Amino acid sequence: MQDFVQELRLIEKKWQEEWRKARIFESDPDERPKFFITIPYPYLNGNLHVGHCRTFTIGDAVARYKRMCGFNVLFPMGFHVTGTPIIGLAELIAKRDERTIEVYTKFHDVPEDVLLTLTTPEKIVEYFSQEAMKALKDIGYSIDWRRVFTTTDEPYQRFIEWQYWKLKEKGLIVKGSHPVRYCPNDENPVEDHDLLMGEEATIVDFTVIKLYSFDEELGKIVFPCATLRPETVFGVTNIWVKPTKYVLAKVDGEVWFVSKEASEKLKYQEKKVEVIREVDAKEFVGKLVVNPILAGMLIDKILDDLKEFDEKLYERLSKIEDEDERLRAVVNEIVNGNLARILIDLFGRAKAEGGEKFDIMRRIVVPILPAEFVDTDNATGVVMSVPAHAPYDYVALEDLKKKDEILRQFGIDRSLIEIEPIALIRIEGEKYKVPAVEVSKELGIESQKQRDLLDKATKIVYKKEFHKGVLLETTGKYAGMLVSKIKDVLQKDLIEIGVGDVFYEFSEKPVVCRCGTKCVVKVVRDQWFLNYSNPEWKSKVLEWLEEMTIIPDYYKEEFRNKIEWLKDKACARRKGLGTRIPWDKEWLIESLSDSTIYMAYYILAKFINEGKLKAENMTPEFLDYVLLGIGDAEKASQSSGLDVETVEKIRREFLYWYPVDLRSSGKDLVANHLLFFLFHHIAIFPKEHWPRAIAVNGYVSLEGKKMSKSKGPLLTMKRAVAENGADVTRLYILHAAEYDSDADWRKKDVESLAGHLRRFYNLVKEHYTKERKELDQLDRWLLSRFQKAVKETRDAMEKLQTRRAVNAAFFEVMNDVRWYLRRGGDNLVVILDDWLKLLAPFIPHICEELWHLKHDTFISLESYPEFDESKVDEKAEAVEDYIRRFMEDVKEVMKFVEEPKEVYVAFAEEWKSEVLKIASQTGSMKEAMSKIMKDEKFRAMAKDVSAFLKRVFKDREMFAVMDELNEREIIEENLEFLERELGVKIILDESKVPDDKRRSAMPGKPAIYVVG
RNA sequence: GCGGGGGUUGCCGAGCCAGGAAAAGGCGCGGGGCUUAAGACCCCGUCCCGAAGGGGUCCGCGGGUUCAAAUCCCGCCCCCCGCACCA
C-alpha cells in the first residue's frame, strides 16, 4: 500500500504544479456567473490539523464542484493571528515550558531546533503561516493564492480601523462595564486555558438588597442581602448571618456589614471599600434591620405614628398621593435620613403593644438571626430569610425555635422569632400554598443539617416557582407577574430607587488561576462594546436570516436563538496582537471582533499583494468608495493617491464578487464568529451585499478521542497527507460524516479507503484507453445506473452533503462496476469520462492524472456531468434485478440439497400474468379483486387468485415491472453466466418440477427444483 | 436552568421530515474461491428457528394513532454540544 501512496504523492505533486503554472484557480471577473465561497481563516498558534482539514476540504469540494458547474469561483484564504494565544505561546517557548515543547514537537510536528527559535509572536506567525500554506497546497485546494494575507498586515489594520469608524458613526459601539474572571495575582483576566480549577463556573449576578440598621456610634449600617431571587424581598421575615467574624466597611460612603471575603471581592467590583474594623456577627444577632421596600409599601398604615417622632417627616410623606412616589420617598428617607431609626423605635413600641400594628411592623422591621448554613464566601455573606419559599430558611427558623439555649446564648427575644412565613408566589396548577413549608414537610426534613434533603427541596421549590410561579398581592405592583420574568425588572427597579446593587459571583467554587491564586470577578469599566443588543440591529439580522440558506436547515433555529441571546460584546482588550481602536489607542480590537467582514478584504488583497495598493492608499474616502460606493472615484483617487482607473477597477471587482455566496465553517463558530459575521455585514454593507448562505460542519476526532491543540492528541493535516496521500485524505474526510455530526479519523479505515482508491485507479487505467464498443443491454444498464449516480451526487452537493455525494459518486458506482464486470461487461469506457468528472471535486489529483491518459485539458475545468434522462433504462435495470433475484433464490434453495447438480426451472402459469396486468392498473387490493372477478375464468379459481394478489400487493415494486420482462428469454440469454456463477446446470423444463412447486411460481419468481 | 442535537442489529453509521424490507454501507468475525503460501482481491454468511426460496423477534423505556411504525402523537429515562468576550 505504501507503494501506492508514494505513487499518489508523485501524481499529486505533479498536478499541483501544473495547476499552479496554468494559474487555473486564480479568479478574476469575467462574463460567467460568480460564486464566492469562504472558509474561516485559521488561527495560527499551531499547525493545521485534520479538523481544519474537514472544513477546508468541504469548501474545496464545493468550490471545485461549482467551478465545474460553470461558475467563476473565488476561493481565497487568509491567516488569523490577532489576539493573545500566539503571544502566550511565544512566552511559553521562550521560557522553555516543557509541556509546550513536548506538545509542539510530538503533535504539531515542529522540529525541536526550529521550535526553540520561535520565541516572539512575529516568528511564530512567520513560521506557522509558511507551514499552513505548504499544508494547504499539499492537499491540492483550489485556492487563489494571490489573495492571502495575515491579520497583522498594515493594510488590514487600515481596513479594520475603517470598519470601526463606520460602526462608531452608526452608534453601534458603546461604552460600558462588564464582569470578567480575574486573577488578583496576575492582575489580568483569566482565560479558560489558564485555569487550574473551576472551568465549569460561570459568572452569576446576585441582586443585593440593602436592609438598614441603626447604631449609636456608626449611624446607619447597611446589611446587603444577596439573592438570586429578588422578588423574595416581599416575604422577608428576618436575615441570616453566620455566627463568625464579619467586617464593617465603608463601601462607597455607606457602612456595610459584610463577610471578610466579600469586602475583598467588592474591591474588584467598582466599589470603594475601606474596612473599618472586624466584628463578631454575634454582636449583631438579635438586632433589627429595616426592609425599605416593605416600609415604603406599608407606610400608609403607620403614617400617623410617625407624627410624634418627626413632624416634618410626617408632613412630607403624607402629602404624597401616588403610591410609587411615596415608596420612593420612604426609601429615600431611610437611605438618606433617619427613618430607619424611627422605624426601629416604632417596632419596639408596637412589640410591647402587640396586636395588628405589631404584625405590620414586623414585616417592615426584621431581626438578624444566626444560621450555620450561611456561606460567608458566597456573595456578601448576608442573606434574607424567606421561609415561605426557601426550605433552608424555613427549616433554620424552626430549628431555632426549638433551641432555647441558643436563644439565650445570643440574647434573642423569643417573640422576635415567632414568625409566620409570608407567601408571595402562587404556583399555577399546584396545591402548594407555602411551598417551602409543604415541601420540607413532605420530605420529612427536621434540621438544617440535612443538607442533601434541603438541596433537593430547594430545587423542587425553585423549579416549580420559576416555571409556573405568579406573584401574589403581597408583592404590590408586581402582583400578577411571572416569576420567570421578574428578576431583571426588579433588579433594575431596586437599583434605581437606591436600595439595590449587583454582586457578581462564580456559580461554582473554587475558581483557581494557573498561578495558584483564587480568581475573583472583576468589573472592567469604560470598556468599548459592540452594541449587539441594539433592537434595530438585531431585528434586521433576524429578518435577513430568514432570507438566507442555512445548512443543515435546523441550524436556522439555532441561529435565531443565538441572535436573540446575543448581548453587547466587549470588543476591546489591553493585551494581544491586533489593531488599536482608532479613537482610543489604549485599547486593541478584540480578535473575534476584527474578523467579521474580512471577506471583503480578499478583493483588496489581490491588489495589495501585486503592490498596486498600499496601506497609505487605504484612506477612509477610498474604502468608502470601493466597498460602499459612497462618494466618487475622483475623490477616492485624490484622497488615496491612486489613479482613478485603479480605484474604479477595485470597485468593479468588489461589485463583481460580493456578496459572499457561501460561508462554510465548523459548528464551534456558530455562537460567535458566524453571528458577528452576520451582524457586521448587515451593519456596514447595503442589503445586496449581505451573505447568502452559511453551512456548518462537525469536528474530527482521532480514534474516538477529542483532539486538542494545546494538549494533544492531534494529527496535522500535513502528516495525514504525507502518510496517506491528498486524495485519500480528502475522500476519507468528506465521507467520514455528514453535516454537524462528528467524524472520527481511524487509521485502519483510512488505509482501507486507500485500498479502494487503488482499485479504482488500476481499474480505470486498465479500461480507459480501450475502444468503445456498441452498447448492449448490460452497457445500457451501467449507463442507466450511472445516470442515477449523477443525479444523486449533484443533489447531494447542492445540499453540501459530501458524505452522500461520495457514497453515490464513488462507492455505489464502484459496486455497479463490480457487478458489471462480473457479468462480463467489457465496455466500461462508456462511463469513464463522466465518472472521472463526477469524482474530480473529491479526488482531483487522481482524476486529473487519469483524464490526461486521453485528454490534454484540465479535468478541473471540465463541465460537471449532467443527469441525462434518455440514458435511464428501467427495463435494463429490471433485467439485472431479475437475474440477481433469481440467483439469490436458487442459492437459497441449493442450501438444502447436498451436492446440487441440476436446477429445473418452471415459470408462473399464464393466468398469473393476466391477473398481474389487471392489478397493475389498479390502486388497491380491493379494486383489483373486484375487477378481476368480473372474469368468469378467475371466479372459478377465486381462492388461488386472492392468495396471489395478496403477494402481489406485498411486493408491488418487484411485480410492477414484471409484465415487460420475458423471463425465459432472460435466463436463456444468460444461461452461461448463471451456470458458472451457481455451479449447477440449469434446465428450463417444467415437466421435471413437482406440481405443488410449479403452482407456487409467480411472475418474477419462477419455481426452482434442485436435484442432487 | 435555557437552547440545539441525539439514543438503530458486535462496533461505526444510514434510514426517520414525505409510515409499508431483519432495516444501506463500512469495520470486525466466520466460510469459500484465487494463490506454493501469506497479503491483496472476488464471492457468501453474520438476531432466533427452519433439510426448499419460509416463519418469528427487533431500532432507549412505556403508552397511543393506523390494516401497517425505527419512522407520526403523548409521557419518561439517558447522552452530547453552546451559554461568551475566548480563538
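Labels below follow one simple rule: chain letters A, B, ... track the order of the sequence lines, proteins then strands, and each chain is numbered from 1. These numbers come from a predicted model, not from an experiment.
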Find the distance between CG (A:N531) and NZ (A:K175) and round it off to the nearest 0.5 Å.
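One finds 15.0 Å between CG of A:N531 and NZ of A:K175.
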Taking atom [atom1] in both [N] and [M], what distance in whole Å separates the two?
N: B:rG20; M: B:rA84; atom1: C1'; value: 48 Å
N: B:rC27; M: B:rC61; atom1: P; value: 29 Å
N: B:rG13; M: B:rG50; atom1: C1'; value: 31 Å
N: B:rC58; M: B:rG64; atom1: P; value: 15 Å
N: B:rU66; M: B:rC72; atom1: C1'; value: 10 Å
N: B:rA24; M: B:rU46; atom1: P; value: 11 Å
N: B:rG6; M: B:rG54; atom1: C1'; value: 37 Å
N: B:rU71; M: B:rA14; atom1: C1'; value: 13 Å

Using purine N1 to pyrimidine N3 plus N6-O4 or O6-N4 for Watson-Crick, or N1-O2 and O6-N3 for G-U wobble, both under 3.5 Å, which nucleotide pairs with [N]?
N: B:rG75; answer: B:rC61
N: B:rU9; answer: none
N: B:rC34; answer: none
N: B:rG3; answer: B:rC81
N: B:rC29; answer: B:rG45

Side chain of [X] only, please: which of [options] is the nearest?
X: A:L592; options: B:rC85, B:rC83, B:rA87; result: B:rA87
X: A:V893; options: B:rC27, B:rA87, B:rA52; result: B:rA52
X: A:N561; options: B:rA87, B:rG3, B:rA84; result: B:rG3
X: A:V1010; options: B:rA52, B:rG53, B:rG4; result: B:rA52
X: A:K567; options: B:rC27, B:rA84, B:rC81; result: B:rA84
X: A:P85; options: B:rG53, B:rC27, B:rA87; result: B:rA87

Answer with base, sugar-phosphate or nothing: what part of the nucleic acid does [X] contact at a heavy-atom distance below 4.0 Å?
X: A:V890; value: nothing
X: A:K709; value: nothing
X: A:L753; value: nothing
X: A:P1006; value: base
X: A:A1007; value: base
X: A:D553; value: nothing
X: A:H80; value: sugar-phosphate
X: A:A671; value: sugar-phosphate

Under the 3.5 Å rule, do the base of B:rA87 and the side chain of A:D668 count as making a donor-acceptor pair?
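Looking at the base of B:rA87, it does not pair with any donor or acceptor on the side chain of A:D668 (distance under 3.5 Å).
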With no angle test and no hydrogens, is the base of B:rG53 tied to the side chain of A:D889 by a donor-acceptor pair under 3.5 Å?
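Yes, a donor-acceptor pair under 3.5 Å.
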What I want to find out is whether [X] reaches [Y] closely enough, with some N-O distance under 4.0 Å, to be called a salt bridge.
X: A:K799; Y: A:D795; result: yes
X: A:E703; Y: A:K705; result: no
X: A:E751; Y: A:K748; result: no
X: A:E902; Y: A:K992; result: no

[N] [atom2] sits how many Å from [X] [atom1], rounded?
X: A:Y554; N: B:rG6; atom1: OH; atom2: C1'; result: 10 Å
X: A:D3; N: B:rA40; atom1: CG; atom2: C1'; result: 13 Å
X: A:K748; N: B:rC12; atom1: NZ; atom2: P; result: 15 Å
X: A:D740; N: B:rG3; atom1: CG; atom2: P; result: 19 Å
X: A:E738; N: B:rA24; atom1: CD; atom2: C1'; result: 14 Å
X: A:E558; N: B:rC83; atom1: CD; atom2: C1'; result: 10 Å
X: A:D205; N: B:rG1; atom1: CG; atom2: C1'; result: 14 Å
X: A:Y761; N: B:rC41; atom1: OH; atom2: C1'; result: 19 Å

Among A:T227, A:T207, A:D205, side chain to side chain donor-acceptor pair (under 3.5 Å) partner for A:K487:
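Result: among A:T227, A:T207, A:D205, A:D205 is the only option passing the side chain to side chain donor-acceptor pair (under 3.5 Å) with A:K487.
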Side-chain N,O ([X]) to OP1/OP2 ([N]) below 4.0 Å:
X: A:R759; N: B:rA40; result: no
X: A:T202; N: B:rC83; result: no
X: A:K562; N: B:rA84; result: no
X: A:T84; N: B:rA87; result: yes

Does a donor on one side chain and an acceptor on the other come within less than 3.5 Å for A:Y882 and A:E967?
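There is such a pair (donor and acceptor under 3.5 Å, judged by atom type) between the side chains of A:Y882 and A:E967.
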Assign each of A:N672 and A:E981 to its nearest nucleotide of RNA chain B by heavy atoms, then name whichever residue's nucleotide is nearer the 5' end.
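First, find each residue's nearest nucleotide; the 5'-ward one identifies A:E981.
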Taking the nucleotide of RNA chain B with the closest heavy atom to each, which residue, A:D744 or A:Q801, is nearer the 5' end?
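Comparing both residues, the 5'-ward one is A:D744.
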Please confirm whether A:H735 and A:F811 have ring centers closer than 6.0 angstrom.
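Yes, the ring of A:H735 comes within the 6.0 Å limit of the ring of A:F811, centre to centre.
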Examine A:Y532 together with A:H680 and report whether their ring centres are nearer than 6.0 Å.
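Between A:Y532 and A:H680, the centre distance is under 6.0 Å.
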Let's see if you get this right: which residues in residues 802-823 of chain A place a heavy atom under 4.0 Å from RNA chain B?
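Only A:R803, A:R818, A:R822 qualify.
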Those residues that, when tested against A:E558, pass side chain to side chain donor-acceptor pair (under 3.5 Å) (two or more places apart):
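In terms of side chain to side chain donor-acceptor pair (under 3.5 Å), with neighbours along the sequence ignored, A:E558 is linked to no residue.
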Over 12 foreign heavy atoms within 6.0 Å of CD, A:E766
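Yes, CD of A:E766 has more than 12 neighbouring heavy atoms, counting only those of other groups under 6.0 Å.
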